[in-house]
Chemist: 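Please read through the structure below; I'll follow up with questions.
First the proteins, then the strands, lettered A, B, ... as listed; each starts at 1. A quick note: this is a predicted structure, and the numbers were derived from the prediction, not measured. These numbers come from the heavy atoms of this one structure, side chains and all, not from hydrogens, waters or symmetry mates.
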There are 4 protein chains.
Amino acid sequence: MARPKSEDKRSAILAAAMRVIVTQGLSAPTAVIAKEAGVANGTLFTYFETKTDLLNELYLDLKREMAAAALKGFSPEGESRKQYFQVWTNWMAWAVAHPKKRRALALLGVSDEITSKSRAAGHKAMAPMRELLERVHSNGAMRDAPTGLFMAMMNAAAEATMDYMALDKAHADKHCRAGFEALWRMIG
Amino acid sequence: MARPKSEDKRSAILAAAMRVIVTQGLSAPTAVIAKEAGVANGTLFTYFETKTDLLNELYLDLKREMAAAALKGFSPEGESRKQYFQVWTNWMAWAVAHPKKRRALALLGVSDEITSKSRAAGHKAMAPMRELLERVHSNGAMRDAPTGLFMAMMNAAAEATMDYMALDKAHADKHCRAGFEALWRMIG
Amino acid sequence: MARPKSEDKRSAILAAAMRVIVTQGLSAPTAVIAKEAGVANGTLFTYFETKTDLLNELYLDLKREMAAAALKGFSPEGESRKQYFQVWTNWMAWAVAHPKKRRALALLGVSDEITSKSRAAGHKAMAPMRELLERVHSNGAMRDAPTGLFMAMMNAAAEATMDYMALDKAHADKHCRAGFEALWRMIG
Amino acid sequence: MARPKSEDKRSAILAAAMRVIVTQGLSAPTAVIAKEAGVANGTLFTYFETKTDLLNELYLDLKREMAAAALKGFSPEGESRKQYFQVWTNWMAWAVAHPKKRRALALLGVSDEITSKSRAAGHKAMAPMRELLERVHSNGAMRDAPTGLFMAMMNAAAEATMDYMALDKAHADKHCRAGFEALWRMIG
DNA sequence: CATGAATGAGCGTTCATTCAT
DNA sequence: GATGAATGAACGCTCATTCAT
């Protein structure tokens with residue numbers, strides 16, 4: 001089958017795109033991404049039909065990686081607070097460990113290049129976390145507020161905490177806990 | 001060129017930029033913005049030296065308008081909770097009344113075209129709110145968390161509430177209060 | 001109204017396109033055409049929205065010029081043979097005097113970039129000649145053959161004669177007459 | 001590489017090229033031709049060094065096939081008119097039976113990718129017809145016109161007749177004869 | 001100052017051809 | 001020999017900015 005499409009090259013392109021996007025934004029030329037990945041200009045297009053496709057796949061890739069990191073070791077048993085604290089801690093740890101990926105994800109998340117299909121798939125990767133939170137919601141202080149508002153508040157708190165942890169890495173752990181406590185006061 | 005002739009034209013361009021950005025994103029051509037403003041292509045550049053300048057000024061403009069709306073009728077006396085509830089209500093009302101402006105502001109906020117100088121100036125417009133919140137912070141449940149984290153959480157909650165109100169306008173008032181209650185539980 | 005669109009520039013581009021197409025074919029880069037016309041790359045697109053538009057307008061332009069040359073001094077009175085001989089002579093003279101234009105027209109004529117609308121408009125420019133020929137047809141040796149076949153034969157004879165005249169310019173006049181005689185034997 | 005292994009593959013590529021060119025023009029990608037032929041992208045280049053080579057060989061192939069069809073059963077004896085009518089009829093029949101091949105040949109014929117060498121070889125395939133016509137020429141009405149003009153006129157008439165037959169297949173036979181009569185009036 | 005044509009760098013994508021498998 | 005991924009030059013077109021009118 002001749003030279004098979006190389007999974008390595010594919011991920012090299014995705015990784016390069018991530019790095020380049022962080023420094024140059026989503027308008028980074030595909031040529032720059034290709035060069036950063038160490039492949040020829042045209043090769044990028046044998047792995048991704050269009051730039052938009054590349055961006056969408058990168059979005060999903062990062063979203064899935066983030067979800068996997070957050071849900072690492074997660075089992076849907078035990079006390080909700082403890083469970084969620086574990087997830088929260090994983091999540092924050094990933095965010096602090098991969099600031100570039102988080103930045104790229106943020107840029108992609110607000111771009112209108114990302115299709116609703118990609119967004120839905122990204123959502124799905126977070127499903128276990130969402131289920132856990134639904135349990136929290138229905139028993140907690142916000143039980144009378146709509147789920148959508150509840151989720152939005154939770155997400156917002158998470159993003160804010162990540163931002164702050166990144167800003168003051170030295171006390172990241174402390175901020176992680178403080179963020180969680182604040183959140184739990186709100187929703188618990 | 002500090003004060004070009006027609007202040008009307010200037011604001012027409014800013015308003016046009018806002019409208020166009022909402023539908024086309026930040027990459028909207030200056031030619032389109034100019035046409036939407038009813039002026040010639042080149043005229044835009046006698047009012048704003050570069051497109052980046054235009055975006056920065058629009059950012060500040062919107063930020064200031066938003067701050068003014070939120071702080072309408074604000075006087076730094078009285079009980080913090082009541083004061084802040086008033087501000088919060090104003091703020092949410094503005095957001096719901098001007099979804100396009102909020103959308104444009106959101107796009108601008110994450111763009112790397114916006115300089116830190118603009119961001120600082122935008123910050124400044126919110127100073128009275130910040131001062132009020134600092135009082136809340138030093139006496140409230142998050143008094144041991146850093147101000148930055150505190151502010152980030154508050155902002156995040158506000159954005160989340162706005163989003164949700166926009167999504168379900170019929171019960172906007174209810175969500176406005178629910179968001180505030182949740183926030184206050186966290187920070188009060 | 002600022003710099004008005006310059007009719008000169010427009011025709012410079014059309015003329016340049018004609019020249020370039022003759023040497024490089026229809027796939028000649030727009031950049032080359034622009035340079036040949038002495039304008040910037042982008043300027044070409046303020047006069048012609050797309051390359052296809054440029055090609056279509058060039059086609060029409062040449063077709064009209066050719067028709068005008070052939071029909072110069074034509075009045076629909078007098079004996080058909082004499083009339084048509086005059087047209088034929090004009091036509092051949094134009095073809096020999098403007099071999100590049102004829103070559104460009106030939107290339108454009110077989111291209112599928114040229115729309116049926118352009119072809120129809122080109123046809124229209126030849127209408128007076130067509131009418132004259134219809135008279136010839138209905139009274140001549142081919143009166144029982146369909147008009148379409150008649151016209152095709154006439155056109156083919158014209159093209160063949162032009163080709164041969166171009167090949168042997170020294171005796172162009174003689175070939176012009178020989179071609180006409182042959183044609184007339186066929187259709188007269 | 002003069003005679004690569006599979007003659008089948010070679011003709012599959014040529015046939016595919018013909019089909020693809022008819023629908024997509026001469027700028028059809030080699031990749032598309034290869035796929036249509038059921039071979040890999042690169043395989044095409046083991047049978048034809050360059051795309052230009054492929055086009056030239058296709059041109060010759062078609063030209064030869066056309067000549068063979070026209071000359072089927074031809075023997076250089078008997079009355080010229082009868083002989084040529086036979087050839088003409090064969091020729092027209094082939095054209096009507098293989099409109100795609102004729103279309104491809106037409107596209108190739110006007111392309112500047114086709115070398116003069118290929119054109120000369122194509123010419124050669126028609127030699128017997130040409131010899132017959134030379135006899136007609138030297139005794140016919142055009143005996144005083146140069147051979148080149150004579151041949152051009154004959155070819156033009158043939159093309160025109162083919163075009164018209166293809167347009168109105170129902171009466172193809174009639175048009176075939178009408179075309180011949182017209183031609184013979186001109187040259188006979 | 002207003003206008004809009006002029007400019008040319010820059011971009012996403014294509015495709016003939018090469019070459020590793 | 002067959003395959004199809006790799007290559008990179010090339011192209012049509014866009015658009016921020018300049019400048020003649």
Chemist: Measure from the side chain of A/T43, starting at C-beta and using heavy atoms only, and say which of E/dA6, F/dA6, E/dG4 lies closest.
Modeler: F/dA6
Chemist: Quick one about D/T115 and D/S118 (side-chain donor to acceptor, distance below 3.5 Å, no hydrogens or angles considered), yes or no?
Modeler: yes
Chemist: Atom CD of B/E113 and atom P of F/dA16: how far apart are they, to the nearest Å?
Modeler: 10 Å
Chemist: Now, which nucleotide makes the Watson-Crick or G-U wobble pair with F/dT21, with each of the two distances under 3.5 Å?
Modeler: E/dA2
Chemist: Roughly, in whole Å, what's the span from CG in D/L55 to P in E/dC15?
Modeler: 14 Å
Chemist: Does F/dC11 have OP1 or OP2 sitting under 4.0 Å from an N or O in the side chain of C/S27?
Modeler: no
Chemist: Are the side chain of A/K51 and the backbone of A/A28 linked by a donor-acceptor contact shorter than 3.5 Å?
Modeler: yes
Chemist: C/R3 has a side chain; which of E/dA6, F/dT7, E/dG8 sits nearest to it?
Modeler: E/dA6
Chemist: Taking only N and O in the side chain of C/Y47, is any of them less than 4.0 Å away from OP1 or OP2 of E/dA6?
Modeler: yes
Chemist: Can you find a side chain N or O atom of A/T46 that sits less than 4.0 Å from OP1 or OP2 on F/dA6?
Modeler: yes
Chemist: Once you round it to whole Å, what is the distance between P of E/dA2 and CG of B/D8?
Modeler: 12 Å
Chemist: Less than 4.0 angstrom between a side-chain N/O of D/T30 and OP1 or OP2 of E/dC15, yes or no?
Modeler: no
Chemist: From the options F/dT17, F/dT7, E/dT17, select the nucleotide whose nearest atom is closest to the side chain of B/T50.
Modeler: F/dT17
Chemist: Does C/K9 make a side-chain N or O approach to OP1 or OP2 of E/dA5 shorter than 4.0 Å?
Modeler: no
Chemist: Counting side-chain heavy atoms from C-beta on, which of E/dA6, F/dT7, E/dA2 comes nearest to A/V39?
Modeler: F/dT7
Chemist: Over how many whole Å does the gap from B/L44 atom CG to F/dT18 atom P extend?
Modeler: 12 Å
Chemist: Rounded to the nearest 0.5 Å, what separates atom CG in A/L107 from atom CG in B/D112?
Modeler: 7.0 Å
Chemist: What's the verdict on side chain to side chain contact (heavy atoms under 4.5 Å, CB included) for D/L54 and D/Y47, showing C-alpha distance, side-chain angles and the deciding distance?
Modeler: CA-CA 8 Å; D/L54 167 57; D/Y47 288 88; over 6 Å; no
Chemist: Which of the following nucleotides, E/dT13, F/dT17, E/dA5, is nearest to the side chain of B/K51?
Modeler: F/dT17
Chemist: Answer with base, sugar-phosphate or nothing: what part of the nucleic acid does A/A34 contact at a heavy-atom distance below 4.0 Å?
Modeler: nothing
Chemist: Once rounded to the nearest 0.5 Å, what's the spacing between atom OG1 of D/T50 and atom CG of D/L55?
Modeler: 8.0 Å
Chemist: Under 4.0 Å between a Lys/Arg side-chain N and an Asp/Glu carboxylate O for B/E57 and B/R10?
Modeler: yes
Chemist: Would you mind reading off the distance between D/F45 atom CZ and F/dA6 atom P, rounded to a whole angstrom?
Modeler: 18 Å
Chemist: For C/F48, answer base if it contacts any base atom (sugar-phosphate contacts may also be present), sugar-phosphate if it contacts only those atoms, and nothing otherwise; contact means non-hydrogen atoms under 4.0 Å.
Modeler: nothing
Chemist: Any idea which of E/dT13, F/dA5, E/dA2 is nearest the A/K5 side chain?
Modeler: F/dA5
Chemist: With both distances under 3.5 Å as the test, what is the Watson-Crick or G-U wobble partner of E/dC15?
Modeler: F/dG8
Chemist: If each of A/A31 and B/G38 is mapped to the nucleotide of DNA chain E with the nearest heavy atom, which maps nearer the 5' terminus, i.e. the 5' end?
Modeler: B/G38
Chemist: Among E/dA6, F/dC13, E/dC11, which nucleotide has an atom closest to any side-chain atom of A/P29?
Modeler: E/dC11
Chemist: Please check this pair: side chain of C/T46 against backbone of C/G42, looking for a donor-acceptor N/O pair closer than 3.5 Å.
Modeler: no
Chemist: Return the value, rounded to whole Å, for the distance between atom NZ of B/K35 and atom P of E/dA5.
Modeler: 11 Å
Chemist: For D/G42 and for C/L26, find the nucleotide of DNA chain F with the closest heavy atom, then tell me which residue's nucleotide is more 5'.
Modeler: D/G42
Chemist: Nearest whole angstrom, please: distance from the P of F/dC15 to the CG of B/L54.
Modeler: 16 Å
Chemist: Using whole Å, report how far CD of D/E7 lies from C1' of F/dG1.
Modeler: 15 Å
Chemist: Counting heavy atoms from C-beta on, name the nucleotide in F/dA2, F/dA9, E/dT7 closest to the side chain of A/N41.
Modeler: F/dA9
